S.K.: 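This structure is in structure tokens; I'll ask about it shortly.
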Amino acid sequence: MKRIAIGTALATIMMVGPPATAQNAPAAKIPEGKLGFRDTPILPGSQWHVHDPDRPAPTVVTPGAQPGGAPSDAIILFDGKSLDAWHGERGPWTVEKGIMTIPSRAKSGGENNLISNQQFGDVQLHLEFRSPNPPQKTSQDRGNSGIWFMQRYEVQILDGYQNPTYADGTVGSVYAWKPPLVNPSRKPGEWQSYDVIFERPRFAADGSVKRPAYVTVLLNGVLVQNHQAMLGTTKWRSIAQYQAHGPAAPIQLQDHDSPVSFRNIWVRPLPETAITAETATTDAQKGE
């Protein structure tokens, strides 16, 4: 009798097993086809459990076939075929053999910035540029252009290879504000790439700044600005200041009377969740 009782007890223990944990918790309540756990804590500032099976999966995006290529959800601004996505202040820029180049001001009749027809706010941008070779002139007159987000906030384009100039005006700088962390410039005549995350400023109803613009910049794959706050609308020889504006405006490429060339320009508008994620993280940290 005792042997039977002991054997039964052991069998019962073996059937019951150890207490359930987050790794081996039963998934009886989780619908078929879903994976995750519902017996885990709720994430701070969120409705979701850790490893929540009901949390929406990210949208599938097909990356570009080559490094720097446009992903499937990108808006193509220049693919070497036409300038349909742009208009110049005094006329179109030159397109030849798949490359777009700033025409001389003598030909254009004056400053001729290129402006996107579509408006953008928070955005990821990829752009490739080439400074003229052999180099022309020096300092700020050598391979100068610029990316003006919302026609206000400039990331500088310049021939930065062995070209001394003021630090907050070299390539990779937030012009007239922050020099780049490093200078990874290629030689004149070589193609270079920018990958930029721009976060537009947020304004209160009275026009005051609730959240400044931020920019993260990689030049030739090297980080040169890391979530850098911007002071306001870019100005030469002055301190930038904000003036309230709407949530979207064109992207502008600057004509500085230097024959800089461009190719492979595309953007991805960013969802609001890409920006508000920072706030959620900050709130969570405050609660610790």
Side-chain angles (χ1 to χ4, degrees), residues 68 77-78 80 83 85-96 98-116 120 123 125-180 183-196 198 215 217-220 224-225 230 233-236 249-267:
L77 294 183
F78 181 66
L83 287 173
W86 304 87
H87 64 275
E89 291 177 326
R90 294 177 179 267
W93 286 7
T94 303
V95 177
E96 184 177 354
I99 297 169
M100 174 174 68
T101 302
I102 304 173
S104 68
R105 290 188 180 178
K107 180 179 179 179
S108 299
E111 185 176 358
N112 185 23
N113 299 310
L114 196 67
I115 302 167
S116 68
F120 303 97
V123 72
L125 175 140
H126 176 88
L127 173 152
E128 297 171 20
F129 69 96
R130 183 179 66 186
S131 300
N133 187 38
Q136 300 176 2
K137 305 179 182 180
T138 61
S139 187
Q140 291 294 297
D141 293 320
R142 180 171 152 182
N144 192 327
S145 182
I147 307 167
W148 289 68
F149 293 93
M150 309 189 85
Q151 293 188 284
R152 293 171 174 87
Y153 311 105
E154 184 186 10
V155 173
Q156 173 75 316
I157 290 175
L158 192 75
D159 181 351
Y161 185 80
Q162 298 181 358
N163 180 31
T165 191
Y166 43 83
D168 62 3
T170 193
V171 64
S173 66
V174 177
Y175 188 78
W177 169 223
K178 283 291 182 179
N183 180 358
S185 293
R186 292 194 170 110
K187 296 178 180 180
E190 296 183 5
W191 283 103
Q192 310 196 61
S193 66
Y194 260 136
D195 289 283
V196 184
F198 173 78
V215 68
V217 182
L218 287 91
L219 173 59
N220 297 324
V224 293
Q225 301 287 345
M230 305 183 88
T233 300
T234 301
K235 294 182 179 180
W236 180 51
I251 293 171
Q252 177 175 299
L253 299 181
Q254 182 183 20
D255 169 16
H256 201 276
D257 203 20
S258 182
V260 179
S261 297
F262 297 87
R263 69 180 186 185
N264 191 23
I265 306 174
W266 52 263
V267 296

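These numbers come from a predicted model, not from an experiment.
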S.K.: Return the CD1 to CE distance between Ile265 and Met100, rounded to the nearest 0.5 Å.
M.R.: 4.0 Å
S.K.: Would you please name every residue forming a side chain to side chain contact (heavy atoms under 4.5 Å, CB included) with Thr94, sequence neighbours left out?
M.R.: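 By the side chain to side chain contact (heavy atoms under 4.5 Å, CB included) rule, Thr94 matches Pro103, Lys107.
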S.K.: Of all the heavy-atom pairs spanning Gln140 and His256, show the shortest one and how long it is.
M.R.: O-CE1, 3.4 Å
S.K.: Could you measure the distance from the CG atom of Asn144 to the OG atom of Ser131? Nearest 0.5 Å is fine.
M.R.: 9.5 Å
S.K.: For the residue pair Ser185 and Gln192, establish whether any side-chain heavy-atom pair is separated by less than 4.5 Å.
M.R.: yes
S.K.: Report the distance from atom CG of Leu253 to atom CG of Asn113, rounding to the nearest 0.5 Å.
M.R.: 8.5 Å
S.K.: Could you work out, with ring pair (Phe, Tyr, Trp, His ring centres under 6.0 Å) as the rule, every residue matching His126, not counting sequence neighbours?
M.R.: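 Scan of His126 (ring pair (Phe, Tyr, Trp, His ring centres under 6.0 Å), adjacent residues dropped) gives Trp266.
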S.K.: Taking only residues at least two apart or on different chains, which pairs with a member in residues 131-145 satisfy salt bridge (charged side-chain N to carboxylate O under 4.0 Å, His left out)?
M.R.: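 Qualifying pairs, neighbours excluded: Arg142-Asp159.
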S.K.: Could you pull out every donor-acceptor pair under 3.5 Å between side chains of residues 167-175 and any protein atom, sequence neighbours left out?
M.R.:
unit_1, atom_1, unit_2, atom_2, d
Ser173, OG, Asp168, O, 3.4
Ser173, OG, Thr170, O, 2.7
Tyr175, OH, Tyr166, OH, 2.7

S.K.: When rounded to the nearest 0.5 angstrom, what distance separates CG in Leu125 from CD1 in Ile147?
M.R.: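 Rounded to the nearest 0.5 Å, the CG-CD1 separation comes out at 5.5 Å.
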S.K.: To the nearest 0.5 Å, how far apart are CG in Asp255 and CG in Asp257?
M.R.: 6.0 Å
S.K.: Can you name the residues that form a side chain to side chain contact (heavy atoms under 4.5 Å, CB included) with Ser145, not counting sequence neighbours?
M.R.: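 Once residues adjacent in sequence are excluded, the partners of Ser145 under the side chain to side chain contact (heavy atoms under 4.5 Å, CB included) criterion are Ile102, Ile157, Gln254, Val260, Phe262.
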S.K.: Tell me, please, which residues at least two apart from Thr101 pass side chain to side chain contact (heavy atoms under 4.5 Å, CB included).
M.R.: Ile99, Pro259, Ser261
S.K.: Would you please test Asn133 and Glu190 for side-chain contact (heavy atoms from CB on, under 4.5 Å) and show each step?
M.R.: CA-CA 9 Å; Asn133 187 38; Glu190 296 183 5; over 6 Å; no
S.K.: Got Trp148 and Thr234 here, is their nearest side-chain heavy-atom distance under 4.5 Å?
M.R.: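 Side-chain contact under 4.5 Å: yes.
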S.K.: State, to 0.1 Å, how close Pro250 and Ile115 come at their nearest heavy-atom pair, and which atoms those are.
M.R.: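 Pro250 and Ile115 have their closest heavy atoms at CB-CG2, 3.5 Å.
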S.K.: Taking only residues two or more places apart in sequence, or in another chain, which ones meet Tyr161 in a ring pair (Phe, Tyr, Trp, His ring centres under 6.0 Å)?
M.R.: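 So Tyr161 forms no ring pair (Phe, Tyr, Trp, His ring centres under 6.0 Å) with any residue.
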S.K.: Search all heavy atoms of Trp93 against all heavy atoms of Asn112 and return the closest pair with its distance.
M.R.: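 Of all heavy-atom pairs spanning Trp93 and Asn112, the closest is NE1-O, 2.8 Å.
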S.K.: Return the minimal non-hydrogen interatomic distance between Val155 and Phe149, and the atom names on each side.
M.R.: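 That closest heavy-atom pairing would be CG2-CE1, 4.0 Å.
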S.K.: Just jot down the side chain to side chain contact (heavy atoms under 4.5 Å, CB included) partners of Ala85, sequence neighbours excluded, or say none.
M.R.: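 Partners of Ala85 under the side chain to side chain contact (heavy atoms under 4.5 Å, CB included) test: Leu77.
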S.K.: Keeping the roles fixed (side chain from Ser116, backbone from Trp86), state whether a donor-acceptor pair exists under 3.5 Å.
M.R.: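 No.
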S.K.: Using modelled atom types only, decide if a donor and an acceptor are shared between the side chain of Asp195 and the backbone of Leu218 within a distance under 3.5 Å.
M.R.: no
S.K.: Got a sec, which residues hit salt bridge (charged side-chain N to carboxylate O under 4.0 Å, His left out) with Arg263, two or more places apart in sequence or on another chain?
M.R.: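 Glu128.
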S.K.: Using ring pair (Phe, Tyr, Trp, His ring centres under 6.0 Å) as the criterion, list what pairs up with Phe120, not counting sequence neighbours.
M.R.: none
S.K.: Not counting sequence neighbours, which residues clear salt bridge (charged side-chain N to carboxylate O under 4.0 Å, His left out) with Arg90? List them please.
M.R.: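 Salt bridge (charged side-chain N to carboxylate O under 4.0 Å, His left out) check on Arg90 returns nothing, list empty.
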S.K.: Please lay out, stage by stage, how Tyr194 and Val217 fare under the test side-chain contact (heavy atoms from CB on, under 4.5 Å).
M.R.: CA-CA 7 Å; Tyr194 260 136; Val217 182; 3.5 Å; yes
S.K.: I'd like to know if the side chain of Gln156 and the backbone of Ala176 have a donor-acceptor N/O pair within less than 3.5 Å.
M.R.: no
S.K.: Side-chain contact test, heavy atoms from C-beta onward, threshold under 4.5 Å: evaluate it for Ser139 versus Pro164 and give yes or no.
M.R.: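 Side-chain contact under 4.5 Å: no.
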S.K.: Under the rule for ring pair (Phe, Tyr, Trp, His ring centres under 6.0 Å), what residues qualify as partners of Phe78, not counting sequence neighbours?
M.R.: none
S.K.: CZ/Arg130 to OG/Ser193 distance, rounded to the nearest 0.5 angstrom?
M.R.: 14.5 Å
S.K.: Hey, does the side chain of Asn183 reach the backbone of Gly160 with a donor-acceptor pair shorter than 3.5 angstrom?
M.R.: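 Checked: pair present.
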